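Treat the numbers as computed from the prediction; the structure is a model and nothing was measured. First listed ligand is number 1; within each ligand, the first listed atom is number 1.
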Amino acid sequence: MASTPPPPFPASAPVPHGRPDDTASRSREGGLGVAVLGSTGSIGTSTLEVIAASAGLFRPHLFAAHTSVGPLLEQARIHRPAWVVVTDPAAAATIGATALPAGTQLAVGPEALDDLVGAPEVDRVVSAIVGAAGLRSTVAALEAGKTVALANKETLVMAGPLVMRLAAERGAVLLPVDSEHSAIHQALRSGTADEVVRVILTASGGPFRTASRESLETVTPQEALRHPTWSMGPKITIDSATMMNKALELIEARWLFDLPAEKLAVVVHPQSVVHSMVEFVDGSVIAQLSPPDMKLPIQYALSHPHRLDGPARRLDFRLGLRLDFEPPDPVRFPSLRLGHEAAARGGTAGAVLNAANEEAVGAFLAGRMRFTGIADVCARVLEGHAYQADPSLDDIRRLDAWARQEVVTWVSS
Ligand code: NAD
Ligand code: MG
């Protein structure tokens with residue numbers, strides 16, 4: 001099948017924030033090589049749609065998944081990456097000798113993934129593994145000086161200062177995929193850092209935006225997994241229902257944009273069209289709007305500093321558009337306070353909150369914990385931990401394990 005050559009990125013476009021612009025040269029050499037970590041997930045599959053629609057500007061180089069071997073092999077047959085990585089060795093052992101398409105090699109285990117993300121053929125790494133498991137491969141990509149499109153917010157929640165320092169030392173670039181942070185990244189281009197008075201993250205409010213406090217006590221996993229505006233993986237969908245997702249995003253914004261916690265605010269916006277806003281010193285509020293479709297922030301993080309025509313849905317103002325905003329309710333959604341607190345404290349607070357939450361969400365999905373128990377146990381574990389102001393990665397890993405064990409103990413009692 002004849003294919004039209006990809007339109008080159010404009011070589012002379014300005015590069016904001018002094019970031020290296022490798023897009024022009026690379027797009028002439030057969031596309032920017034993309035490694036998709038967590039390719040079988042919600043963000044991963046949307047990323048493959050963006051790559052497929054790019055007319056060769058992006059070249060699939062590596063796909064990685066944990067246990068979902070069937071979907072990963074199907075992706076390999078369609079997109080023909082040079083590598084597939086299965087991080088779970090037991091799952092990898094089920095792959096037959098003839099299962100891989102010609103031209104695709106298999107690697108097994110998280111160590112292999114760490115090595116392969118640093119390969120010279122990789123220009124962009126999409127970090128879309130879910131949870132704390134995403135930290136190590138993101139760190140490996142930054143150590144290799146790569147440009148990372150970061151969906152795995154847990155990386156910054158757990159180790160924000162360390163990760164930002166590492167990126168600066170290695171000349172690596174972190175670009176947000178989270179829709180709120182993508183919106184903030186875009187809006188921040190309207191002024192200087194000292195002109196910013198407030199960054200306002202929007203939250204859909206999740207499926208229980210109007211639910212009574214009493215009814216939250218008896219919420220089932222099925223009810224909590226029914227998100228009104230976004231289709232996402234199960235962990236982040238539960239986080240959206242408790243609003244812990246917004247708590248994690250406050251911490252993510254704190255480190256990604258180097259903003260003090262008191263400049264960060266949350267507003268509930270049920271339509272999920274305004275993805276976040278920046279208020280400047282003169283009172284101007286700059287927002288980014290688009291339908292709730294992750295393909296847009298994924299593509300923006302891949303094509304930055306340029307913009308491309310792409311597969312994301314578009315707003316149609318002829319159909320009418322209503323935008324509502326309301327303050328969040330801290331009584332029904334106590335997670336938000338924990339996010340503000342952890343963003344203000346820094347140190348080990350984010351890692352402990354994240355680990356406790358991950359374990360609690362797992363327990364809730366398994367029917368071993370009440371919905372309202374998630375924020376309760378997170379508050380206790382956060383409060384009771386041995387805080388450190390400037391932890392190493394080892395300190396973070398140790399406290400991550402400690403926090404999970406605390407939740408396990410709490411559940412079994
Ligand atoms: P998902 O559950 O749909 O997919 C997770 C992916 O990670 C899968 O490919 C899975 O194989 C892989 N994975 C799981 N455990 C792993 C492990 N231990 N080691 C290696 N790989 C592992 O998750 P998702 O909804 O796509 O979310 C991915 C990340 O993106 C999360 O950090 C989430 O917070 C963030 N994010 C997602 C959305 C969204 O719309 N889904 C939006 C913003 C941010
Ligand atoms: Mg988000």
Notebook entry, point to check: Does a side-chain N-to-carboxylate-O contact under 4.0 Å join D400 and R404?
Noted result: yes

Next item on the list: Please determine if G41 has a nitrogen or oxygen closer than 3.5 Å to a nitrogen or oxygen of ligand 1.
Entry: yes

Check: So do R332 and S212 actually touch side chain to side chain, heavy atoms under 4.5 Å?
Finding: no

Note to self: Under a 4.0 angstrom heavy-atom cut-off, which atoms of ligand 1 come close to A151?
What the structure shows: 30 (O), 32 (O), 35 (C), 36 (N), 44 (C)

Check: How about S272 and S204: does a side-chain donor come under 3.5 Å of a side-chain acceptor?
Finding: no

Notebook entry, point to check: Is there any N or O on T67 that sits under 3.5 Å from an N or O of ligand 1?
Noted result: no

Next item on the list: Heavy-atom contacts with D178 under 4.0 Å: which atoms of ligand 1 show up? List them by number with element.
Entry: 43 (C), 44 (C)

Note to self: Among all protein heavy atoms in this structure, tell me which lies nearest to atom 10 (C) of ligand 1, with the distance rounded to 0.1 Å.
What the structure shows: T40 OG1, 4.0 Å

Checklist line | Nearest-neighbour protein heavy atom for atom 18 (N) of ligand 1, which is reported as residue plus atom name and distance | finding: A133 CB, 3.3 Å

Check: Do ligand 1 and G38 have nitrogen or oxygen atoms that lie under 3.5 Å from each other?
Finding: yes

Checklist line | Which residue and heavy atom of the protein sit nearest atom 5 (C) of ligand 1, plus the separation | finding: V130 CG1, 3.7 Å

Item checked: Exercise: do Q288 and S290 side chains pair donor with acceptor under 3.5 Å -> yes

Check: Among all protein non-hydrogen atoms, which one is nearest to atom 3 (O) of ligand 1, and what is the separation to 0.1 Å?
Finding: S42 N, 2.9 Å

Notebook entry, point to check: If only atom types and distance count, is the side chain of H227 paired as donor or acceptor with the main-chain N or O of T229 below 3.5 Å?
Noted result: yes

Checklist line | Pairwise side-chain contact, M164 with L174, heavy-atom cut-off 4.5 Å (strictly under) | finding: yes

Checklist line | Close N or O approach (G44, ligand 1; < 3.5 Å) | finding: no

Next item on the list: Say whether G233, considering both its backbone and side-chain N or O atoms, lies within less than 3.5 Å of an N or O atom on ligand 1.
Entry: yes

Next item on the list: Determine whether K146 and R124 make a side-chain contact, defined as any pair of heavy atoms from C-beta on separated by less than 4.5 Å.
Entry: no

Next item on the list: Using only N, O or S atoms, tell me which atom of D178 is closest to the Mg ion (ligand 2).
Entry: OD1

Notebook entry, point to check: Any idea which protein heavy atom is nearest atom 34 (O) of ligand 1, and the distance to it?
Noted result: K153 CE, 3.3 Å

Check: Tell me, which protein residue and heavy-atom name are nearest atom 29 (C) of ligand 1, and how many Å apart are they?
Finding: I129 O, 3.7 Å

Item checked: Test log, rule ring-ring contact (aromatic ring centres under 6.0 Å, His included), inputs H304 and H185 -> CA-CA 11 Å; H304 181 83; H185 185 267; 5.1 Å; yes

Check: Which of the N/O/S atoms in E180 sits closest to the Mg ion (ligand 2)?
Finding: OE1

Next item on the list: Tell me which one of P176, G109, P234, A128 gets a heavy atom nearest to atom 6 (C) of ligand 1.
Entry: A128

Margin query: Below the 3.5 angstrom mark, is there an N/O of W230, backbone or side chain, next to an N/O of ligand 1?
Written below: no

Next item on the list: Check each atom of ligand 1 against the heavy atoms of A65 and keep those under 4.0 Å away; list them by number with element.
Entry: 11 (O)

Margin query: For R213, I'd like to know if atom CZ has over 12 heavy atoms of other residues, nucleotides or ligands within 6.0 Å.
Written below: no

Notebook entry, point to check: Is there any N or O on E154 that sits under 3.5 Å from an N or O of ligand 1?
Noted result: yes

Next item on the list: Please determine if H66 has a nitrogen or oxygen closer than 3.5 Å to a nitrogen or oxygen of ligand 1.
Entry: yes

Check: Between M232 and ligand 1, which part of the residue brings a heavy atom under 4.0 Å of the ligand: side chain, backbone, both or neither?
Finding: both

Next item on the list: Show which atoms of ligand 1 fall inside a sub-4.0 Å distance from at least one heavy-atom site of N152.
Entry: 32 (O)

Next item on the list: Show which atoms of ligand 1 fall inside a sub-4.0 Å distance from at least one heavy-atom site of S68.
Entry: 11 (O)

Next item on the list: Evaluate the side-chain proximity of W230 to S179: yes if any heavy-atom separation is below 4.5 Å, no if none is.
Entry: yes

Next item on the list: Begin from the C-alpha positions of F208 and F333 and carry the test ring-ring contact (aromatic ring centres under 6.0 Å, His included) through to its verdict.
Entry: CA-CA 10 Å; F208 310 124; F333 299 101; 8.0 Å; no

Check: Looking at atom 26 (O) of ligand 1, what's its closest protein heavy atom, distance included?
Finding: I43 N, 2.9 Å

Check: Within 45° of the ring axis of F364 and under 6.0 Å from its six-membered ring centre, is that where the NZ or CZ of R370 lies?
Finding: no

Next item on the list: For the residue pair I396 and L162, establish whether any side-chain heavy-atom pair is separated by less than 4.5 Å.
Entry: yes

Notebook entry, point to check: To the nearest 0.1 Å, how far is atom 20 (C) of ligand 1 from its closest protein heavy atom, and which atom is that?
Noted result: T87 OG1, 3.2 Å

Checklist line | Check: L142 and R170 side chains under 4.5 Å, non-hydrogen atoms | finding: no

Check: Do the rings of F63 and H79 sit parallel, tilted or perpendicular, given the 30° and 60° boundaries?
Finding: perpendicular

Margin query: Below 4.0 Å from ligand 1: does a non-hydrogen atom of K235 turn up there or not?
Written below: no

Checklist line | E249, N/O/S atom nearest the Mg ion (ligand 2) | finding: OE2

Check: Salt-bridged, R77 to E74, with N to O below 4.0 Å?
Finding: yes

